[in-house]
Amino acid sequence: MKKVRVRFAPSPTGPLHIGGVRTALYNYLFAKQNYGDFILRIEDTDQTRFVPGAEEYIIEAFEWLGIPFDEGVHIGGKYGPYKQSERKVIYLQYALELVNNGWAYYAFDTPADLEQRRAQAEAEKKTFQYDARSRGGLCNSLTLTPAEVEQRIHADEPYVIRFKYPENSEILVHDLIRGEVRINSNLLDDKVLYKSDGMPTYHLANIVDDHLMEISHVIRGEEWLPSAPLHVMLYQAFGWEAPQFAHLPLLLKPDGNGKLSKRDGDRLGFPVFPLLWKDPKSGEISSGYRESGYLPEAVINMLALLGWNPGTEQEIMDLPTLVSLFSIEKISKSGAKFDLEKAKWFNHAYIQMAPDTLLLDLFQKELQKHNIHPDTDYLLKIINLMKERVHFIPEFWEQCAFFFVAPTDYDEQVIKKRWKPGTDVHLKKISDILSSVQPFNKEKAHNLVMEYIQGTELNMGQIMNSFRLSLVGAAKGPDMFEIIDLLGVAETQKRIARAIETIIVN
Ligand code: GLU
């Protein structure tokens, strides 16, 4: 069997959509399962759509995700260069080869000529297509004499090279996910292979590079399925063995209505890009999984299951497990709906499994944003106490800020509901009880405080919530005695005193 070599071939036209990340992931899983190579190729032949920073973004995204390439624009390899704009010289000779063997032709029609044809066809309620039926009436090397063609090229007249589909022939695409897809060549437009700006189009460059880079399988998004017949024909025209194709189902909006678009994410409250992206032109910011506090392992696991499953109930799978279980046959034909709750569930699960050192590092980064640099042991204790409640890394700060900063204001609603005249007296008593537990022991303190509250026949919720309000500033957080244990009795007492001083009710 031919060595498995697959590629991820993004165009640097903006941030990488999460659907693209899934395409790359499936390529990676397939490559590694077959001891093959996984390649990053940048397809930047359309210079008008080039966006500065996009290539670097793509590379950084895969670094963050922990999906490594074997060859690519950033690491080189023996099939390089891996950026199409650096391979420009290669493509013309292949375009000319097709002209010479009758599979392509020069076309000199100006954009205005073509526009006029289109308008004319529209007026007759038809659609204009540059194809077997119309090409005979257009300005190209099939209608001009060789001398005229020569002369125009010599005079630097702009031209394109178009593919010449055979008339009325059936093109067969074998797709590993969709089976056989057939299309009649009469339905297809003689696609431009080489543009007047001296650059190949995506189609030509893609095929030439896949061939020269010995790509064995092309695994890509469904949006490229309409291009597959042309690609199959190009392989035939060159006399090259075509790779096997697999077109992946779309990633859909959560309600299943249409493709998950760039705009959906921030509109619906989840990122559609791996990393935060700032548009260099408009300055518009789109959120990223990394900055939103997802762990890369969770993102990978979640994405793997959007369109594929191992055929069992198993959901938690790390990268090596995915490599061993992945199979193209189990990729579904229909689109996969993005599910935010599931994404949260995966992230929560991976936070529980993450090593303390990792959570510590991420938590410290959150704290640095607030200029807080606590002791590592203290942080580890907080992490272990809180991680069960946390779905995203920034919540370590949002839910735990009171461990570092004493509250200065207190939730009004809770005050209204819980803090009654006389509450201060009871909290002072609790403060004294805490002093009496020497050395401090959370179980013992718990029992004594409970005993006191029960003895006073007071409402437990009222006192405990007021107590919590003093320490946390709100009615949230983990077990009170765990909090006291971490804050220390002295700090707890300070906070009680401050609350009593600040909260005045009558
Ligand atoms: N450059 C194409 C893209 O941006 C690659 C399509 C393919 O994999 O053939 O998605």
Side-chain angles (χ1 to χ4, degrees), residues 6-31 38-75 82-85 202 206 209 218-224 247-253 259-268 270-308 319 322 335-336 338 343:
V6 295
R7 80 315 190 260
F8 179 56
S11 298
T13 55
L16 181 60
H17 188 278
I18 202 73
V21 176
R22 187 197 57 175
T23 299
L25 172 64
Y26 285 6
N27 272 283
Y28 170 83
L29 298 177
F30 182 72
F38 177 48
I39 296 144
L40 176 62
R41 183 172 76 220
I42 297 293
E43 299 206 327
D44 59 345
T45 54
D46 189 350
Q47 298 283 308
T48 59
R49 295 179 63 221
F50 176 79
V51 172
E55 182 183 323
E56 294 74 9
Y57 176 98
I58 292 166
I59 294 165
E60 194 181 335
F62 287 106
E63 269 165 14
W64 175 67
L65 286 159
I67 302 178
F69 290 92
D70 298 295
E71 297 162 32
V73 67
H74 54 316
I75 45 174
Y82 294 90
K83 193 193 293 200
Q84 289 185 327
S85 57
Y202 151 73
N206 186 274
D209 287 348
V218 168
I219 304 171
R220 62 185 171 191
E222 187 180 85
E223 63 274 27
W224 300 102
H247 289 90
L248 306 174
L250 294 176
L251 268 192
L252 305 175
K253 294 182 205 295
K259 200 173 147 181
L260 186 63
S261 79
K262 278 190 194 178
R263 309 251 161 241
D264 288 328
D266 287 328
R267 188 172 63 80
L268 299 171
F270 58 87
V272 281
F273 301 118
L275 315 179
L276 182 131
W277 169 258
K278 185 170 176 201
D279 188 273
K281 264 205 198 121
S282 65
E284 191 191 344
I285 292 197
S286 307
S287 66
Y289 280 86
R290 180 177 64 184
E291 293 72 14
S292 301
Y294 282 84
L295 296 180
E297 296 80 2
V299 176
I300 287 176
N301 196 155
M302 169 207 59
L303 278 181
L305 285 168
L306 282 176
W308 168 85
L319 205 50
L322 288 168
F338 184 87

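Model, not experiment: these values are computed from the prediction.
- Taking Arg267 as the reference, Asp264 meet the side-chain hydrogen bond (donor to acceptor under 3.5 Å, both in side chains) condition, with sequence neighbours excluded.
- With sequence neighbours left out, Leu252 forms a side chain to side chain contact (heavy atoms under 4.5 Å, CB included) with Leu250, Lys337.
- With sequence neighbours excluded, the residues that form a side-chain hydrogen bond (donor to acceptor under 3.5 Å, both in side chains) with Glu60 are Arg290.
- Using a 30° and 60° split on the angle between ring planes, Tyr57 and Trp277 fall in the perpendicular class, above 60°.
- Of the candidates Val21, Ile58, Thr23, Ile58 is the only one forming a side-chain contact (heavy atoms from CB on, under 4.5 Å) with Pro10.
- The heavy-atom pair separating Val6 from Ala31 by the smallest distance is CG2-CB, 3.6 Å.
- By the ring pair (Phe, Tyr, Trp, His ring centres under 6.0 Å) test, Tyr202 is found to be paired with Trp224, His231, residues two or more places apart in sequence or in another chain being considered.
- No side-chain heavy atom of Ile285 sits less than 4.5 Å from a side-chain heavy atom of Glu291.
- By the 6.0 Å contact criterion, NZ on Lys253 is enclosed, its count of non-hydrogen atoms from other residues, nucleotides or ligands being greater than 12.
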Please set out all donor-acceptor pairs under 3.5 angstrom arising from side-chain atoms of residues 295-305, sequence neighbours excluded.
unit_1: Asn301; atom_1: OD1; unit_2: Met317; atom_2: N; d: 2.7
unit_1: Asn301; atom_1: OD1; unit_2: Tyr350; atom_2: OH; d: 2.6
unit_1: Asn301; atom_1: ND2; unit_2: Glu315; atom_2: O; d: 2.9

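- For the pair Pro12 and Glu43, the tightest heavy-atom approach, listed with the atom from each and the gap, is CD-O, 3.5 Å.
- The heavy-atom pair separating Ala343 from Phe338 by the smallest distance is CB-CZ, 4.2 Å.
- In terms of heavy-atom proximity, Arg41 sits nearest to Gln84 at NE-NE2, 3.8 Å.
- Applying the salt bridge (Lys or Arg N to Asp or Glu O under 4.0 Å) test to residues at least two apart or on different chains, the pairs with a partner in residues 279-289 are Arg263-Glu284.
- Side-chain atoms of Trp308 and Leu322, non-hydrogen and from C-beta on, do get closer than 4.5 Å to each other.
- The shortest side-chain heavy-atom distance between Leu275 and Leu16 does not fall under the 4.5 Å cut-off.
- The salt bridge (Lys or Arg N to Asp or Glu O under 4.0 Å) analysis of residues 16-28, with sequence neighbours excluded, yields no pairs.
- In this structure, the side-chain hydrogen bond (donor to acceptor under 3.5 Å, both in side chains) partners of Tyr82, at least two apart in sequence or on a different chain, are Glu71.
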| said: Could you go through Leu40 and Ile59, starting from their C-alpha distance and side-chain angles, then the distance that decides it, and tell me whether this counts as side-chain contact (heavy atoms from CB on, under 4.5 Å)? | reply: CA-CA 9 Å; Leu40 176 62; Ile59 294 165; 4.0 Å; yes
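- Heavy-atom minimum distance, Leu306 versus Tyr26: O-OH, 3.3 Å.
- A heavy-atom distance below 4.5 Å is not found between the side chains of Pro271 and Ile18.
- Annotation: side chain of Val218 is in contact with side chain of Arg7 (closest heavy-atom distance under 4.5 Å).
- Residue pairs meeting the ring pair (Phe, Tyr, Trp, His ring centres under 6.0 Å) criterion with at least one member in residues 278-301, sequence neighbours excluded, are Tyr289-Tyr294, Tyr294-Phe392.
- Listed by first and then second residue, the salt bridge (Lys or Arg N to Asp or Glu O under 4.0 Å) pairs that reach into residues 50-59 are Glu55-Lys83, sequence neighbours excluded.
- Remark: Phe69 engages Phe38, Phe62, His74 in a ring pair (Phe, Tyr, Trp, His ring centres under 6.0 Å) (not counting sequence neighbours).
- When the side-chain hydrogen bond (donor to acceptor under 3.5 Å, both in side chains) test is applied to Thr13, no partner is found at least two apart in sequence or on another chain.
- Ile75 places none of its side-chain heavy atoms less than 4.5 Å from the side chain of Asp70.
- Asn27 places no side-chain N or O within 3.5 Å of a backbone atom of Phe8 that could act as its donor or acceptor partner.
- In this structure, Glu222 and His247 approach most closely via the heavy-atom pair CA-CB, 4.2 Å.
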